[in-house]
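First comes the structure, then the notes that go with it.
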Amino acid sequence: MLTEEQNDLITRTGPGTPGGDLLRRYWQPVALAEELPHGGAPIPVRILGEDLVLYRGDSGALGLIGLHCPHRGADLSYGRIEGDALRCLYHGWLMGKDGKCLEQPGEPAASNYKDRIKHPGYPAARRPG
Ligand code: FES
C-alpha cells in the first residue's frame, strides 16, 4: 500500500512536482491541428495540471503559454494575435510565444519592467498524426 506521500509523488504532474518536471521533458499532445486553423482564435488547454493557451501566430508558428496574464490574471485565450505574439485585451501586455513579455503599453518607455516578468512558455510544434 502506498503512503500518501508516495501516491503524490507518482500522480502529481503540476509545475514544480517531480512527475511534472519529468513529463515536461517530453512532447505531449495538447490539441488537434484542425482546432487551430490559420487566423483562428487562441484556445485554452489544460495539460499536466497547468492551464495554458495555445495559438497559431501569423507566420504559422505555434505558441503555448500560461493562460492567465502575468499582469492581472486576465484570460489570454481572449487575447489578440499580433505577429507570433499574443496581446492581452485587458491592459495590452504583449506576450511572446516563449512566455517573454515584449511590451507593456502602460509603462514608461525607459522601463525594463517587462524583462523581469516570468511567464510559462513551452515549445510547440505540429506533428503528423
Ligand atoms: S491583465 Fe493582461 S495586461 Fe493587464
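In this text, all values refer to a predicted model and were calculated from it rather than measured experimentally. Computation of the quantities below employed the complete heavy-atom set of this structure, encompassing side-chain atoms and omitting hydrogens, waters and symmetry-equivalent molecules.
- Screening I65, L67, L64 for a side-chain contact (heavy atoms from CB on, under 4.5 Å) with L54, the sole residue that qualifies is L64.
- Shown here for Q6 and L2, the closest heavy-atom pair between the two residues is OE1-CA, 3.4 Å.
- Note that CD1 of I117 and NZ of K100 are 13.5 Å apart. Values are rounded to the nearest 0.5 Å.
- Closest approach of P70 and M95 over heavy atoms only: CG-CE, 3.8 Å.
- A heavy-atom distance below 4.5 Å is not found between the side chains of H71 and Y90.
- When atom types are taken as modelled, the side chain of D51 and the backbone of H68 share no donor-acceptor pair closer than 3.5 angstrom.
- Checking side-chain atoms of Y78 against main-chain N and O of P42 turns up no donor-acceptor pair under 3.5 Å.
- Here the straight-line distance linking atom CG of L22 with atom CD1 of I10 works out to 12.5 Å at 0.5 Å rounding.
- V45 and L48 end up in the same hydrophobic cluster when Ile, Leu, Val, Met, Phe, Trp and Tyr side chains are linked at under 4.5 Å.
- Pairing each heavy atom of D84 with each of S59, the nearest pair is OD2-OG, 2.7 Å.
- At least one side-chain heavy atom of L89 sits under 4.5 Å from a side-chain heavy atom of R80.
- For the pair E82/E103, no side-chain contact is recorded, criterion being any heavy-atom separation below 4.5 Å from C-beta on.
- Interatomic distance, R24 CZ to T13 OG1, rounded to the nearest 0.5 Å: 6.5 Å.
- G57 and I81 get closest at one heavy-atom pair: CA-CG2, 4.0 Å.
- Annotation: the span from L52 atom CG to L76 atom CG amounts to 10.5 Å, rounded to 0.5 Å.
- By the 4.5 Å heavy-atom criterion applied to side chains, R72 and C88 are not counted as neighbours.
- Without hydrogens or angle criteria, Q104 side chain to K114 main chain gives a donor-acceptor distance under 3.5 Å.
- For the pair P123/W27, a side-chain contact is recorded, criterion being any heavy-atom separation below 4.5 Å from C-beta on.
- In this structure, R87 contributes its side chain and G79 its backbone to no donor-acceptor pair below 3.5 Å.
- Taking a 6.0 Å sphere around CD of E4, one finds it holds 12 or fewer heavy atoms contributed by other residues, nucleotides or ligands.
- The main-chain N or O of N7 is never found under 3.5 Å from a side-chain atom of R12 such that the two would form a donor-acceptor pair.
- Looking only at distances, a side-chain donor or acceptor of Q28 sits under 3.5 Å from a matching main-chain atom of L23.
- Residues A85 and G96 share a closest heavy-atom pair of CB-CA, 4.2 Å.
- Here the CG atom belonging to L36 is positioned 4.5 Å from the CD1 atom belonging to I43, to the nearest 0.5 angstrom.
- In terms of heavy-atom proximity, G60 sits nearest to R56 at O-NH1, 3.3 Å.
- Y122 has its side chain out of reach of V30: every pair of non-hydrogen atoms, C-beta onward, lies at least 4.5 Å apart.
- When atom types are taken as modelled, the side chain of H119 and the backbone of C101 share no donor-acceptor pair closer than 3.5 angstrom.
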